[in-house]
Amino acid sequence: MKIAVGADHAGFEYKDRIAQILRMKGHEVLDFGTHDATPVDYPQYGYAVGEAVATGRADRGIVVCGSSLGIAMAANKVPGIRCAPVDEPYSAELARRHNDANVIAFSERLTGWEMIERMLDIYLETPFDGGRHAYRVEQLFDFGDAQRARTLKDLERGEVTDARTPKELVGKP
Ligand code: RB5
């Protein structure tokens, strides 16, 4: 795969190690930096990786900052991006199986390296389950005027109008 990576000054060491592992595994890496501990602003790196994936320059993205949170928020601003900040393997697996995450965010300050290595393998190897999850993932990108009007109506009623997955798409609950 072609994988875009990016990090701020609080995540560049893990990002560099991840890039090295990816190359060893035969992936092509687009490294958007940063490359040292000089303080930089994480949104720029999240946007760069997000755009690389959204525009098809990369198949997937990996971002790292101190907490995983800010850079994930930035990546998720890019239309088409589903970035999951994760700190343990089961979430990494579900981010792929259920949410078809196309960017994953790691924390260098809070997560041990061994955990990162496990989550990286899971992120790279786990397929998307599709089916009902595809129907739900599509709704993540429906937040235009129509969806907004519907949600505001729900707020007025005080209850959410469930979209409900079509029966033919429901396998196991
Ligand atoms: C940088 O100090 C830190 O705020 C940043 O890496 C990240 O954790 C933000 O969410």
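Each ligand, and each atom within it, is numbered from 1 in the order the structure gives. Bear in mind that the values here come from a model prediction, so they are computed numbers and not experimental data.
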Could you list, one pair per line, each nitrogen or oxygen of ligand 1 together with any protein nitrogen or oxygen closer than 3.5 Å, giving atom names and the distance rounded to 0.1 Å?
residue: ligand 1; atom: 2 (O); partner: Arg109; partner atom: NH1; Å: 3.2
residue: ligand 1; atom: 6 (O); partner: Asp8; partner atom: OD2; Å: 2.6
residue: ligand 1; atom: 6 (O); partner: Gly66; partner atom: N; Å: 2.8
residue: ligand 1; atom: 8 (O); partner: Gly66; partner atom: N; Å: 3.4
residue: ligand 1; atom: 8 (O); partner: Ser67; partner atom: N; Å: 2.9
residue: ligand 1; atom: 8 (O); partner: Ser67; partner atom: OG; Å: 3.0
residue: ligand 1; atom: 10 (O); partner: Ser67; partner atom: OG; Å: 3.3
residue: ligand 1; atom: 10 (O); partner: Gly70; partner atom: N; Å: 2.9

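- Between atom CZ of residue Arg97 and atom CZ of residue Phe128 there is a gap of 11.5 Å, rounded to the nearest 0.5 Å.
- More than 12 heavy atoms of other residues, nucleotides or ligands shown are found within 6.0 angstrom of CD on Glu88.
- Between Phe106 and Met115, every side-chain heavy-atom pair lies at or beyond the 4.5 Å cut-off.
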Open item on the list: Walk me through whether Ile116 and Ile18 qualify under side chain to side chain contact (heavy atoms under 4.5 Å, CB included).
Closed with: CA-CA 9 Å; Ile116 298 283; Ile18 288 167; 4.0 Å; yes

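- No single ILVMFWY cluster, assembled from side-chain heavy atoms under 4.5 Å apart, contains both Ile62 and Ile81.
- Residues meeting the salt bridge (charged side-chain N to carboxylate O under 4.0 Å, His left out) test with Asp31, sequence neighbours left out: Lys15.
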